[in-house]
Protein chains: 2
Amino acid sequence: MAKTHKAIHTPGLEGALDRLEHLCRARGQRLTRQRRAVLSSLLSAGRALSAYELLERLRPEDGKSTPASVYRSLDFLMTLGVVHRLESTRSFIACEHPETPHWVQFLICRRCGQVVEAEDERIAAATESLGQRLGFALDQRVVELTGVCEGCRGSAARH
Amino acid sequence: MAKTHKAIHTPGLEGALDRLEHLCRARGQRLTRQRRAVLSSLLSAGRALSAYELLERLRPEDGKSTPASVYRSLDFLMTLGVVHRLESTRSFIACEHPETPHWVQFLICRRCGQVVEAEDERIAAATESLGQRLGFALDQRVVELTGVCEGCRGSAARH
DNA sequence: GAGTATTTGATACAAAGTATCATTAACCAG
DNA sequence: CTGGTTAATGATACTTTGTATCAAATACTC
Ligand SMILES: [Zn+2]
Ligand SMILES: [Zn+2]
Ligand SMILES: [Zn+2]
Ligand SMILES: [Zn+2]
């Protein structure tokens, strides 16, 4: 009944959890067990998960998680910027470079589900300038580019 | 019991329905009453509607519409390019310039719900080039920029 | 270690989207 | 203007995704 963390070796997991702790402290917000579990689950998944997939991964460790509580934790982690939501797949993914606040773009492979988080300055500049030109004060930018990744195209001779 | 169309005067409605007819004919696809009704309902709404809002607007004229059939019509109209789906608000909107196939961006006002459909070349070029750089063959680009429109900022002195 | 405000658990529900299969209707040919 | 054919719809039931409410638990401060 050792209750030590499972020694999953996800690169950067420890660092990410430390960062989470600091972020919470800096903002005077509480770091709860579930918030930690949600982030760490997303990190070790290594891919985007729906809220309910996430819930299932939490269950073994924490049988009393509910959809509402998972969504609450996800919302919290998103305001901290350490988790992003993919609108076009209704799923959530851990941020790949949460050091800085950022406007990012996602590239999503429709075959293997791989998601790459990019931070392209041309896109950032172009969207910002479009917003200004049309008189919008933007506060959220969803840029999700779906297609087929290189690997999948390679292994797609037929079909 | 006159079953003539209601004489709603939405600018461009007739033109849009004609275009729909031609598109269907050109592709050898069927133009059904419901498909016409869905497009015309979206057009006269003049804003984005959720599938269920749309369903309610269809009901008075066509009491036997169901969610499934509405979604089917929407999917059809989207493949034709005359309707777009807004991922970030889970809603649908008639295309504002369906003449040409296009990659568009949406600006969405979070206060009044206004949606502007833009076709910005810098964004198109930048996203395409990002895709190439990362090895993705893109087939879908979701660019949805949310903020507050000029009008709403004006009338927002307080709050 | 106790106090307090925040978070969570439990429950129930709302909203969004899909599967299946028998029936209907759009289109075409004649 | 018939039918005949095939794609689309209707009916039904269900899955997935997301929220509201309020009492109980817990993270943080002192
Ligand atoms: Zn990020
Ligand atoms: Zn792939
Ligand atoms: Zn359009
Ligand atoms: Zn507005």
Side-chain angles (χ1 to χ4, degrees), chain A residues 3 17 20-39 41-42 48-80 83-93 113 142, chain B residues 3 17 20-39 41-42 48-80 83-93 113 142:
Chain A
K3 74 178 297 287
L17 292 180
L20 174 59
E21 185 175 342
H22 290 129
L23 274 170
C24 287
R25 189 163 293 274
R27 299 183 166 217
Q29 312 230 244
R30 294 183 185 177
L31 177 50
T32 67
R33 179 158 18 145
Q34 187 163 195
R35 288 170 176 177
R36 227 185 327 251
V38 165
L39 178 57
S41 207
L42 274 180
L49 298 177
S50 80
Y52 283 77
E53 285 174 332
L54 189 46
L55 181 58
E56 277 172 22
R57 289 174 178 236
L58 294 177
R59 280 266 156 83
E61 303 271 315
D62 180 356
K64 56 256 182 287
S65 288
T66 65
S69 71
V70 169
Y71 278 103
R72 284 183 299 227
S73 294
L74 286 169
D75 287 345
F76 176 81
L77 295 170
M78 285 191 293
T79 69
L80 255 52
V83 164
H84 299 293
R85 166 193 224 121
L86 298 175
E87 297 290 346
S88 50
T89 56
R90 258 134 268 179
S91 63
F92 302 85
I93 192 166
V142 173
Chain B
K3 75 178 295 286
L17 292 180
L20 174 58
E21 186 175 341
H22 289 129
L23 274 170
C24 287
R25 189 163 292 274
R27 299 182 167 219
Q29 312 231 243
R30 294 183 186 178
L31 177 50
T32 68
R33 176 151 27 134
Q34 187 162 196
R35 288 170 176 177
R36 228 186 326 251
V38 165
L39 179 57
S41 207
L42 274 179
L49 297 177
S50 78
Y52 283 77
E53 286 173 332
L54 189 46
L55 180 57
E56 277 173 20
R57 290 175 176 234
L58 294 176
R59 279 265 154 84
E61 303 272 314
D62 180 357
K64 56 252 180 292
S65 288
T66 65
S69 70
V70 169
Y71 278 103
R72 284 183 299 225
S73 294
L74 287 169
D75 286 345
F76 175 80
L77 295 170
M78 286 191 294
T79 68
L80 256 50
V83 164
H84 298 294
R85 165 192 225 126
L86 298 175
E87 296 291 345
S88 51
T89 56
R90 258 132 270 179
S91 63
F92 302 85
I93 192 165
V142 173

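Chain letters run A, B, ... following the sequence lines, proteins first and then strands; every chain starts at 1.
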**OP:** Check every strand shown and say whether A:R35 touches a base, only sugar-phosphate, or nothing at a heavy-atom separation below 4.0 Å.
**Re:** sugar-phosphate

Subject >> Residue B:Y52, side-chain atoms from C-beta onward, closest of D:dG18, D:dG10, C:dA16 >> reply: C:dA16

Subject >> Shortest side-chain distance from B:Q34, nucleotide among C:dA16, C:dG9, D:dT9 >> reply: D:dT9

**OP:** Could you tell me the separation between the CG atom of A:L55 and the C1' atom of C:dT8, rounded to a whole number of Å?
**Re:** 14 Å

Original post:
Side-chain N or O of B:S69 less than 4.0 angstrom from OP1 or OP2 on D:dG10?
Top reply: yes

Original post:
Taking the nucleotide of DNA chain C with the closest heavy atom to each, which residue, B:D75 or B:Q29, is nearer the 5' end?
Top reply: B:D75

Subject >> CA sep, side-chain torsions, deciding dist, call: A:V70, A:Q34, side-chain contact (heavy atoms from CB on, under 4.5 Å) >> reply: CA-CA 8 Å; A:V70 169; A:Q34 187 163 195; 4.1 Å; yes

Subject >> Interatomic distance, B:D62 CG vs D:dA8 P [rounded to whole Å] >> reply: 17 Å

Subject >> Between C1' of D:dT29 and CG of A:L31, the distance in whole Å >> reply: 16 Å

Original post:
Please give, in whole Å, the distance from C:dT11 C1' to A:K64 NZ?
Top reply: 17 Å

Original post:
Which distance, rounded to the nearest 0.5 Å, do you find between the CG of B:D62 and the CZ of B:R57?
Top reply: 15.5 Å

Original post:
Can you find a side chain N or O atom of A:R27 that sits less than 4.0 Å from OP1 or OP2 on D:dC28?
Top reply: no

Original post:
Given atom CZ of B:R36 and atom C1' of D:dT9, what is their separation to the nearest angstrom?
Top reply: 15 Å

Original post:
Would you say A:V38 and A:V83 make side-chain contact, with heavy atoms under 4.5 Å?
Top reply: no

Subject >> Between CG on residue B:L42 and NE2 on residue B:H84, distance to nearest 0.5 Å >> reply: 11.5 Å

Original post:
With sugar-phosphate meaning primed atoms plus P, OP1 and OP2, does A:R30 contact a base, only sugar-phosphate, or nothing at under 4.0 Å between heavy atoms?
Top reply: base

Original post:
Which nucleotide sits closest to the side chain of A:R90: C:dC28, D:dG18, D:dA11?
Top reply: D:dG18

**OP:** Represent DNA chain D in dot-bracket notation, 5' to 3'. Only Watson-Crick or G-U wobble pairs with both distances under 3.5 Å count; pseudoknot-style crossings use [ ] and interstrand partners use |.
**Re:** ||||||||||||||||||||||||||||||

Original post:
Is the number of heavy atoms from other residues, nucleotides or ligands under 6.0 Å of B:E56 CD greater than 12?
Top reply: no

**OP:** Between A:T32 and B:P67, name the one whose nearest nucleotide on DNA chain C is closer to the 5' end.
**Re:** A:T32

Subject >> Interatomic distance where CG belongs to A:L58 and C1' belongs to C:dT8 [whole Å] >> reply: 13 Å

Original post:
Looking at C:dT8, D:dG18, C:dA26, which one has an atom nearest to any side-chain atom of B:R33?
Top reply: C:dA26

Original post:
So does B:R72 reach the base of C:dG17 with its side chain, donor to acceptor, closer than 3.5 Å?
Top reply: no

Original post:
Can you find a pair of side-chain heavy atoms, one from B:R72 and one from B:R35, that are under 4.5 Å apart?
Top reply: no

**OP:** Find the distance B:L74:CG to D:dA8:P and express it as a whole number of Å.
**Re:** 15 Å

Original post:
Nearest-Å distance, OH (B:Y71) to P (C:dA19)?
Top reply: 13 Å

